[in-house]
Amino acid sequence: MSQLTVTALQLGLLVLLWLFVLGVVGVLRRDLFGARPAAPAASSAPPRAEPQDQAAPRPARPRPAAPPAPEPAPRPADQRPRALVVVEGPLAGTRLPLDDSPVLLGRAQDCTLVLGDDYASGHHARLLPAPGSASGWALEDLGSTNGTSVGRGSATSKVSGSVPVGVGSVVKIGRTTLELRA
Amino acid sequence: MSSPAAAPQAPAAAPRPPRSRRWLELGLSAVAVGVAMMAYGLVGVATDGSWPAGILGYGAGLGALVLVLHVAVRWRAPWADPLLVPVATLLNGLGLALIHRLDVARDGSFAERQLMWSAIGILAATALLVVLRDHRLLRRYTFTAMVVGLVLLVLPLVPFLGVNINGAQIWIRVGPIGFQPGELAKIVLTVFFAGYLVTARDTLSLVGPKVLGLQLPRPRDLGPLVVAWLASLGVLVLERDLGTSLLFFGLFVAMLYVATQRVSWIAIGLTLFVGGAVLAWSLFSHVQARVTAWLDPFDAEVYAQSPGGSFQLVQGLFGFANGGLLGTGIGQGRPQTVPYAESDFILATLGEEMGLTGLLAVLLLYLVLVERGLRTGVAVRDGFGKLLAGGLAFAIALQCFVVAGGVLRVIPLTGLTMPFLAYGGSSLVANWMIVALLLRVSDAARRPAPEVPAESSPVLPSEQDASATQVVRL
């Protein structure tokens with residue numbers, strides 16, 4: 001084989017190596033910046049109650065004085081919950097409408113409901129649609145430091161793993177108490 | 001900041017289903033095997049003038065091994081990160097080709113053994129992926145991991161089992177097989193650090209006195225850090241292994257910082273490190289020799305001194321210089337003149353024969369490996385997984401820095417191996433197992449739907465990808 005061919009092959013190896021690197025970097029780039037949905041429609045804007053965000057006019061502003069929503073008394077559990085309401089704690093009065101997306105609860109900024117509660121973990125718990133259970137929703141503790149408890153009325157129990165929840169379920173995270181309402 | 005983060009949570013507006021990217025992984029792995037085959041073939045082309053006969057067998061062997069791992073990933077971790085396997089494959093394959101090239105120059109048989117260890121490593125990674133269904137299971141063995149890790153560290157000191165090679169007491173030998181238990185200890189201790197720090201995080205990040213704008217921890221919370229410092233000093237003194245000692249302490253400090261987010265731990269860690277380094281330098285002649293070789297490598301006396309001189313380091317630097325921008329071409333340089341060119345100084349071989357161009361590509365691939373690990377740590381939802389992935393990624397990063405820095409004379413030379421690239425069975429197996437663990441954690445991080453109790457209906461192609469997207473804003 002001539003020296004020229006060998007040199008060409010050697011350079012070819014470098015080119016191939018760099019093509020691999022560029023391919024990998026392309027994947028990284030797409031992961032970081034790419035493939036974002038163009039314009040999320042305003043109507044289907046996700047539920048995101050974020051009390052720090054002063055500018056956004058949202059129906060979920062804390063309304064501390066009056067009872068937040070004059071809902072009827074707790075109904076049978078087979079009804080699907082429509083909202084998550086903070087009844088006690090720093091965010092009392094915040095109401096988060098529930099659609100079909102899971103809701104991440106915790107102190108971290110990327111949570112759906114950012115709890116300004118020192119006793120909550122960064123990613124504390126998750127409320128997610130569970131097609132299998134009667135009420136359609138399940139609560140999962142994400143390995144939080146102080147734990148999550150759930151119950152109806154006075155009977156509460158510590159959450160380990162994932163438990164079904166429905167209308168009237170009361171969830172306690174740190175000093176915050178949340179309730180699922182219809 | 002709310003709208004980009006919230007966007008992926010609207011399933012109606014985001015019809016894009018999350019992708020597992022398994023085909024991308026397969027394609028990139030094929031390219032990686034192709035690069036390795038070409039490098040292997042070029043050794044023959046440059047030295048014999050024809051393609052070597054073994055090239056197809058080599059490609060088929062490496063390809064089959066990677067395919068086994070790929071199938072295991074599809075089966076047991078279908079949402080794992082698609083870049084880890086191809087990048088590791090390419091580094092391993094390129095390392096094999098370079099070791100083969102050194103064998104050709106020196107009539108050695110390192111490549112065959114390295115190929116065997118690659119097979120063992122990839123199969124070990126496959127087994128780990130199949131057996132370990134959830135990385136959180138490891139948390140149960142936090143303190144078992146501590147004991148196992150310490151035993152692995154101490155093992156080379158056991159009489160009749162430990163072997164002293166080149167002044168470092170880091171090998172054990174059982175029959176014909178030699179092994180460096182420190183490499184496995186690295187993984188096991190990362191598991192321990194992660195498990196321990198996830199529980200101790202709150203104590204360690206409690207409020208302490210504030211000095212010069214730095215939030216210091218309370219003195220009594222310094223205990224674990226001091227213990228880690230003493231342990232790594234013990235490794236340094238008893239096993240005379242600079243690299244491992246540095247790696248463990250750095251790993252612990254980094255994970256402490258990840259767990260508590262307090263800069264003061266880094267400041268304290270660096271202070272302890274400097275103290276330990278100065279102490280070691282003033283007490284031990286082998287440390288002094290390393291420092292002298294680093295500061296004055298071109299001094300004739302230091303260069304000629306053997307052992308402990310700068311001959312190896314300078315030969316490596318000559319190699320880099322000879323390689324230049326594009327390298328001499330594989331099989332056309334003289335990397336065999338560097339002692340231990342196949343293990344500690346594999347980067348000098350790479351730099352000479354593939355030049356700065358090849359060296360930068362490889363360093364970039366390490367960077368990608370580390371980035372994917374850290375990203376997995378950011379995206380995964382449980383604290384243990386975060387610390388585990390962050391710790392493993394940082395271990396790779398630190399090891400690369402220590403090796404490359406040593407070879408390129410940025411820091412004094414220490415005896416660690418370049419992950420995947422360098423010759424060394426223990427290191428290769430351990431690094432493939434790290435990849436397996438990262439695959440496992442990244443599977444949990446990227447999995448789109450939560451595991452709800454009833455797995456009856458197919459879940460919505462939606463939201464959980466959000467956490468992978470949101471991290472961009474951090």
Side-chain angles (χ1 to χ4, degrees), chain A residues 1 5-7 9-14 16-21 23-25 27-28 31-33 35-48 50 53 56 99-104 109-110 112 121-123 126 128-133 138 140 142-145 161-164, chain B residues 2-16 24 28 31-32 34-35 38-39 42 45-46 49-50 82-83 86-87 90 136 202 326-327 329-330 332 354-355 357-358 361 364-365 368 371 381-384 450 452-457 460 462-464 467 469-473:
Chain A
M1 232 177 271
T5 326
V6 175
T7 309
L9 281 172
Q10 300 279 10
L11 291 180
L13 175 65
L14 286 180
L16 195 61
L17 184 60
W18 272 97
L19 283 180
F20 180 84
V21 171
V24 164
V25 170
V27 175
L28 291 188
D31 239 30
L32 287 174
F33 308 112
R36 185 173 287 160
S43 59
S44 65
R48 184 182 174 86
E50 200 174 5
D53 196 353
D99 54 10
D100 285 336
S101 331
V103 173
L104 186 58
Q109 285 302 313
D110 57 356
T112 325
S121 295
H123 293 154
R126 189 163 47 162
L128 41 101
S133 78
E140 190 187 3
L142 300 172
S144 63
T145 311
S162 157
V163 294
Chain B
S2 67
S3 78
Q9 291 191 340
R16 177 179 72 99
L24 178 84
L28 280 175
V31 177
V35 171
M38 186 164 173
L42 277 172
V45 168
S50 63
L83 294 180
V87 170
L90 187 123
R136 280 172 291 189
D202 290 346
L326 291 176
I330 284 191
Q332 293 168 306
M354 298 182 75
T357 318
L364 263 180
L365 290 179
V368 167
E371 194 268 353
R381 286 174 284 271
D382 65 298
F384 177 73
V452 278
E455 261 185 315
S456 51
S457 70
L460 294 167
S462 54
E463 305 73 30
Q464 284 315 304
S467 58
T469 312
Q470 283 166 349
V471 295
V472 175
R473 302 173 296 112

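So you know, we letter chains A, B, ... as the sequences are listed, proteins then strands, and number each from 1. Just so it is clear, the values below take in all heavy atoms, side chains as well, and ignore hydrogens, waters and symmetry mates.
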- Message: Could you walk me through whether B/T357 and A/L17 satisfy the side chain to side chain contact (heavy atoms under 4.5 Å, CB included) test, starting with their C-alpha distance in whole Å, then the side-chain angles of each, then the deciding distance to 0.1 Å, before giving a yes or no?
- Response: CA-CA 9 Å; B/T357 318; A/L17 184 60; over 6 Å; no
- Query: Which one, B/L326, B/L28, B/L42, leads in non-hydrogen pairs under 4.5 Å with chain A?
  - Reply: B/L42
- Message: Between A/L19 and B/V31, is there a side-chain heavy-atom distance shorter than 4.5 Å?
- Response: no
- Measure B/L83 against the heavy atoms of chain A and call it side chain, backbone, both or neither at under 4.5 Å. side chain
- Decide yes or no on side chain to side chain contact (heavy atoms under 4.5 Å, CB included) for B/V45 and A/Q10, but give the supporting numbers first. CA-CA 10 Å; B/V45 168; A/Q10 300 279 10; over 6 Å; no
- With the side chain counted from C-beta on, respond yes when B/D382 and A/L142 share a heavy-atom pair under 4.5 Å apart, and no when they do not. no
- Query: Looking at residues at least two apart in the chain, or sitting in another chain, which of them share a side chain to side chain donor-acceptor pair (under 3.5 Å) with A/S144?
  - Reply: A/H124, A/D141
- Message: Under a 4.5 Å cutoff for heavy-atom pairs, which residue among A/L9, A/V25, A/T145 has the most contacts with chain B?
- Response: A/L9
- Quick one: which of A/L13, A/L11, A/T5, A/L16 has the most heavy-atom pairs under 4.5 Å with chain B, could you say? A/L13
- Message: Would you say that A/V21 contacts B/V368 through its side chain, given a criterion of any heavy-atom pair below 4.5 Å between the two side chains?
- Response: no
- Note on the structure: Looking only at B/L24, B/I330, B/L364, the option with the highest number of non-hydrogen pairs under 4.5 Å against chain A is B/I330
- Message: Please identify, among B/P86, B/G383, B/G327, the residue contributing the most non-hydrogen atom pairs under 4.5 Å to chain A.
- Response: B/P86
- Partners meeting side chain to side chain donor-acceptor pair (under 3.5 Å) with A/T7 (sequence neighbours left out): none
